[in-house]
Number of protein chains: 2
Amino acid sequence: MKDCTVYKTMNIIGKRWTIHILLELHKGEKKEKRFNELKRKLGNITPKILSERLMELEVEGLITKKVDDSTKPPRSEYYLTESGMDFVKIIQAIKRWGLKWKFQDEECKRAICMYCDH
Amino acid sequence: MKDCTVYKTMNIIGKRWTIHILLELHKGEKKEKRFNELKRKLGNITPKILSERLMELEVEGLITKKVDDSTKPPRSEYYLTESGMDFVKIIQAIKRWGLKWKFQDEECKRAICMYCDH
DNA sequence: CAGGATCCAAAAGGATACTG
DNA sequence: CAGTATCCTTTTGGATCCTG
């Protein structure tokens with residue numbers, strides 16, 4: 001079972017906060033987001049967990065971290081890679097499934113959902 | 001965040017073993033599977049967890065439990081509902097994503113994967 | 001600002017034994 | 001066969017404080 005692709009893939013993206021981080025990176029016009037910006041947007045995520053998840057996602061290639069050393073203190077920016085953007089499509093499919101079968105009349109059904117951002 | 005459709009949907013299907021149970025119910029010709037049959041196929045899942053997951057999935061409407069009282073002891077059979085089968089498509093999308101971006105040359109890529117069953 | 005380091009509480013899941 | 005009931009270990013993640 002440990003060899004199963006589905007299993008291994010879930011290990012990458014199945015942890016708490018992970019898909020919300022991806023979603024947050026997908027939102028809005030400006031695609032690069034900074035650490036504290038994500039922290040703020042994600043409500044009550046602790047820096048420890050956010051840091052852990054960002055590292056995992058970077059190691060797995062779904063996001064990239066870019067550090068701008070020209071400022072002090074240096075600023076980090078995170079953004080989705082191609083595979084990360086591709087995975088967002090699956091999150092959107094999950095959302096569609098949820099709307100279809102389970103949570104029919106939610107805010108989320110609106111064109112621009114404040115949570116998921118179509 | 002608790003109101004987010006993605007969040008709520010992940011609460012339904014994001015727990016350990018859940019998608020493997022769905023996958024197992026999707027495999028093979030015979031679509032109805034019994035408790036101990038699932039237990040055996042899923043390797044080392046404990047009856048407690050299997051029982052929990054099956055109950056959750058039934059409550060959420062992804063599977064149906066049918067009890068045949070004519071035999072003794074009565075036998076239970078589990079099978080996917082329409083929404084459950086619809087969700088399997090997402091699992092397959094997850095698998096495709098994994099194969100495309102992460103785990104390129106696995107057993108899983110074969111036409112019939114012993115784990116995921118295309 | 002962008003985290004790292006500790007410490008701790010809670011939850012999740014595993015092992016095992018038992019039962020109608 | 002189809003689970004329940006206990007007990008216990010391990011894993012998570014949250015709270016908080018600290019720093020270059």
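Numbers restart at 1 for each chain; the letters A, B, ... are given by sequence-line order, proteins then strands. Keep in mind that this is a model prediction, so the values were computed, not measured.
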| Roughly, in whole Å, what's the span from CG in B:D69 to P in D:dG3? | 12 Å
| field | Interface residues of residues 56-68 of chain B with DNA chain D (non-hydrogen, below 4.0 angstrom) | value | B:K65
| Same cluster or not: are A:I21 and A:Y79 linked, directly or through other Ile, Leu, Val, Met, Phe, Trp or Tyr residues, by side-chain heavy atoms under 4.5 angstrom apart? | no
| task | When you get a sec, tell me which of C:dA2, C:dG4, D:dC1 is the closest nucleotide to the side chain of A:S51? | result | C:dG4
| field | Atom pair distance, as rounded to whole Å: CG in B:L38 and C1' in D:dA2 | value | 11 Å
| task | Between protein and nucleotides 12-20 of chain C, map the contacts as a letter string: B base, S sugar-phosphate only, - none, heavy atoms under 4.0 Å, written 5' to 3'. | result | -BBB-----
| task | Whole angstrom is fine here: how far is it from CG in B:N36 over to P in D:dA2? | result | 5 Å
| query | For A:K39 and C:dA2, what is the distance between atoms NZ and P respectively, to the nearest whole Å? | reply | 11 Å
| field | Upstream residue (5' side of DNA chain D) when B:R40 and B:M55 are each assigned their closest nucleotide | value | B:R40
| request: Return no unless some side-chain N or O of B:S76 is found under 4.0 Å from OP1 or OP2 of D:dG3. | output: yes
| query | Can you check the A:L50 CG to D:dG13 C1' distance for me, whole Å? | reply | 13 Å
| remark: Rounded to whole Å, CD of B:E77 lies from C1' of D:dG3 at a distance of 16 Å
| request: May I ask you to evaluate whether B:Y78 reaches the phosphate of D:dG3, defined as a side-chain N or O under 4.0 Å from OP1 or OP2? | output: yes
